[in-house]
Number of protein chains: 2
Amino acid sequence: MIEDKSTEQRIIEAAKQVFIEKGYDGARMQEIADLAGINKAMLHYYFRSKDKLFFTIFDDIFSRFMPAVQKGFTSNMSVEEKIKFFINSYITLLQSNPYIPLFILHELSRNPEELKTHIHDKVTSNFKIFQEQMQLEINQGLIKPIDFRQIVTNIIALCVFPFVARPLLQEVFSSDNESFDKFIEARKTIVPDLILNWIKM
Amino acid sequence: MIEDKSTEQRIIEAAKQVFIEKGYDGARMQEIADLAGINKAMLHYYFRSKDKLFFTIFDDIFSRFMPAVQKGFTSNMSVEEKIKFFINSYITLLQSNPYIPLFILHELSRNPEELKTHIHDKVTSNFKIFQEQMQLEINQGLIKPIDFRQIVTNIIALCVFPFVARPLLQEVFSSDNESFDKFIEARKTIVPDLILNWIKM
DNA sequence: AAAAATATTAACTATTTGGTTAAATCATAT
DNA sequence: ATATGATTTAACCAAATAGTTAATATTTTT
């Protein structure tokens with residue numbers, strides 16, 4: 001049970017845990033209340049409905065997670081340095097938050113229309129700068145002329161996928177948790193290798 | 001509503017549709033019955049419980065989907081040819097079944113212990129042959145000595161991720177369905193490029 | 001200290017949901 | 001034709017679940 005902190009904060013933390021683990025449909029208000037150590041009526045006192053609580057939690061998770069991902073892109077490094085830096089910090093972030101991507105992807109696919117409005121303003125801006133910088137280096141002949149979207153997608157895919165597919169991969173490769181963690185750690189050098197080898201002239 | 005075919009087959013098809021779209025927790029027996037055009041009691045007459053129906057559907061989906069993925073690996077092509085062939089047919093398969101991967105990944109993460117037993121025998125075998133062949137080509141100095149698991153993971157990641165992250169990617173890249181389909185189509189050459197460029201000596 | 005506002009609880013409600021039952025219908029074999 | 005077994009239906013049930021209410025306790029304001 002979550003102790004100390006304000007009731008509202010305890011509800012939010014409990015709700016995050018339960019929603020991330022079970023998803024919206026699998027989450028139970030009673031379980032959230034129990035985890036927060038309060039009465040179920042308190043959830044409605046503070047958040048009115050399961051829907052309202054969920055959107056609060058989703059927005060909170062999403063707006064904490066996406067900027068953390070994108071912020072590396074505003075520094076004054078070269079494209080190559082940025083990619084290396086990004087992949088390393090992104091995988092590190094995922095190591096501490098392994099269940100967030102699948103949660104976001106699943107909820108987004110369950111209810112795309114409604115959730116799109118929740119994410120719209122949080123995703124577009126940060127990539128622009130990086131896109132322009134890449135175009136510059138392409139013009140200079142430093143990197144190959146590849147569709148920007150494909151590069152971003154590949155980087156994210158290679159970072160995120162092992163976390164969303166962990167149970168399947170562990171089963172396929174018969175690996176225990178320890179060796180899987182090593183497998184992930186190794187990707188901090190493998191993924192930049194793969195990407196840079198591909199885009200560099 | 002699904003017509004013709006035996007009742008059992010109609011239930012299975014309806015259940016597939018609903019479970020894939022909504023997930024186990026979001027699926028309703030009534031919705032499956034309606035879609036199959038039958039009484040709700042029939043679901044229980046044929047499958048006893050939601051759990052039993054779900055496992056039937058899951059096993060069916062999983063055992064149709066995984067072998068289709070792996071079978072390309074038993075031919076007598078070179079590693080390079082196999083990779084090209086695999087990526088192409090895998091992405092094509094995903095274009096016709098775009099929602100299956102997220103369904104499998106979500107259910108596997110919701111209930112890993114129980115579902116692991118359902119998939120165990122269906123995943124391990126087919127990769128072995130490919131792994132040995134790769135080791136051979138590594139020894140011959142044709143391809144770089146890279147952890148086999150990393151190669152497989154990267155290939156699958158690059159194929160699957162755009163499908164599981166589609167709503168997010170479309171939002172980030174502001175792309176309509178048509179341009180997203182083109183984006184996917186382009187990956188049939190981009191992904192082999194990326195992988196082969198990386199592993200070839 | 002009294003009043004007012006805020007927070008908390010226990011008990012309750014309405015609805016949804018997976019599952020059951022018993023009767024009716026249909027198909028098949030004798 | 002008729003008895004037998006399989007299939008289908010409508011009505012029902014019990015448990016679970018989101019949400020409510022009204023009374024009580026606590027904190028804050030005056």
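Quick note on labels: first sequence line is chain A, next is B, and so on, each numbered from 1.
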5' to 3', nucleotides 13-27 of chain D under a 4.0 Å protein heavy-atom cut-off (B base, S sugar-phosphate only, - none) gives ----SBBBB------
Partners passing side-chain hydrogen bond (donor to acceptor under 3.5 Å, both in side chains) against B/Asn76 (at least two apart in sequence or in another chain):
none
B/Met42 CE to C/dT25 P, straight-line distance once rounded to whole Å
15 Å
Separation of A/Asp25 atom CG from C/dG18 atom P, in whole Å?
11 Å
Once you measure the plane-to-plane angle for B/Phe58 and B/His118, does it fall in the parallel (<30°), tilted (30-60°) or perpendicular (>60°) bin?
perpendicular
Rounded to the nearest Å, what distance is computed from the OH atom of residue B/Tyr45 to the P atom of nucleotide D/dA10?
17 Å
At under 4.0 Å, does any side-chain N or O of A/Thr7 touch on OP1 or OP2 of C/dT8?
yes
Is A/Lys50 close enough and on-axis enough to A/Tyr24, meaning under 6.0 Å and within 45°, for cation-pi?
yes
Heavy-atom pair with the smallest gap, counting every atom of A/Ser63 and A/Asp59:
OG-O, 2.6 Å
Please find the pair of heavy atoms, one from A/Pro112 and one from A/Ser109, that lie closest to each other, and give the distance.
CD-O, 3.6 Å
In whole Å, I'd like the distance from the CD atom of A/Glu8 to the C1' atom of C/dT8.
15 Å
ring-ring contact (aromatic ring centres under 6.0 Å, His included) with A/Tyr46: which residues, sequence neighbours excluded?
none
The side chain of A/Tyr46 lies closest to which of these nucleotides: D/dT8, D/dT9, C/dT8?
C/dT8
